[in-house]
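Quick caveat: nothing in here was measured; it's all calculated off a predicted structure. Note that ligands are numbered from 1 as they come in the structure, with each ligand's atoms numbered from 1 the same way.
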Amino acid sequence: MPRPSFPRSLSEFQSWFGTDDACLRYLIESRWPDGYLCPRCGHGEAYELATRAVLKCRKCDYQSSATAGTVLHGTRVSIRQWFWAASLVATYTPGISAVQLQRQLGITRYETAWAMLQKLRRAMVRPERDRLTGLVEVDDAYVGGLEEGRRGGRQRESGKALVVAAVEIRGRGSGRVRLGVVEDVSGNSLGGFVQGAVEPGSVVFTDGWMGYVPLRKKGYDHRPKTQGAAENAAKILPRVHRIFSNLKTWLMGTHHGVGRKHLPHYLNEFVFRFNRRRTPMAAFQTLLGLTGQHPPTTYKMLYRGESTG
Ligand SMILES: [Zn+2]
C-alpha cells in the first residue's frame, strides 16, 4: 500500500483535515502504509483508542502511541493545528513567520507558534544529504543584517554572514539547491562547501574569484566565467543569482532580517522548500515526521539549540 496522497487545494485540505480524528487517521495510514504491527509481538491487529491516539495490540494488549516519533508527540497543540502548520510551512512559498502562524491558526500564545515553527524547521535538516550533480552554478554573497553586498573586497559588517550557494542547471531552469555559511572566501572554505554539496566530476561554473581555482584539483570540471563589473553577476550566473535574490527578499520580507547565529536554520528552511516546490506532499509528511526517518526534536533540545540532524 502506498502512503495516502496529499490534498491538492486548500478546500480539499479543509475537508480532509477538518477534525483531529481525520488527521489521526491520515497519520496512522502514513506511518503504517502496510498496516500497523505491534512493536512487541508483531501482531497485526490493534484497537484504536482514537481519542488518546493510542494503538492497543489485540493479542498482547501492548499500547503504543500513534504520534511517538513524530513532531507532534507530547505537545498540547492539537493534531489538526499541527497539520495546518506543516501545510503552511511546506507549501506557502514565502514561508511563514511565527506571528503569521499564530494569527492563521488562532493560537493564543506567540511562544507556542514560535516553538511549533522551530520544531518544523528542525525536521528540514536531515533529508538534504545527496550531493548535486551535472552542471552546477556556485557563488557567494554576504547575507543578513540590513544591507548586503557582494564580495568585492568590501569589509564584512557585523551581523552578516558569508553564504555560498550551489544550484543545478536544468535546461533554462534550476534543479536542486544547497546553501551553506562559510568563514571566509578562501579556497579552503569555498572548496570545503563545494565538496560537501556537489558530487566530484560535476561541471562547476563560478566567477573568476581565486578562491574557486582549487576546485579543479579537487576533481571538479571547473569553468570560471570572468566578469567585468559586479552587475554582470546576474548574467554569468543567473540561477544562483536568482537564489540569492529570493533568499534575501525572504529573510528581509518575512523575517525582517536574521542574525548570524540563526541563519543556518533559515538556510535549511529555504533549501527544503525550494527543493520540494513540486512535491508538497513529501514536504508535508517529512515535516510532521510521518515518514519515520527523522527522530523528533524535544523541547529540551530546542532550547539548547541542538539539531537532530
Ligand atoms: Zn502485541
Inset, instruction - Please confirm whether Arg176 makes a cation-pi placement over Phe274, using NZ or CZ under 6.0 Å from the six-membered ring centre and within 45° of the ring normal. - result: no
Inset, instruction - Spell out, yes or no, whether Val54 and Tyr62 are grouped together once hydrophobic residues are joined by side-chain heavy atoms under 4.5 Å, including indirect joins. - result: no
Legend entry - Ring geometry between Phe17 and Phe83 (parallel below 30°, tilted from 30 to 60°, perpendicular above 60°): perpendicular
Legend entry - Count of N, O or S atoms belonging to protein, less than 2.8 Å from the Zn ion (ligand 1): 4
Inset, instruction - Report, as yes or no, whether the 6.0 Å neighbourhood of atom CZ on Arg58 holds more than 12 heavy atoms from other residues, nucleotides or ligands. - result: yes
Inset, instruction - Measure from NZ or CZ of Arg121 to the centre of the six-membered ring of Tyr266, then state whether that distance is under 6.0 Å and the direction lies within 45° of the axis. - result: yes
Inset, instruction - Calculate, to the nearest 0.5 Å, the distance between atoms NE2 and CZ belonging to His222 and Phe205 respectively. - result: 10.0 Å
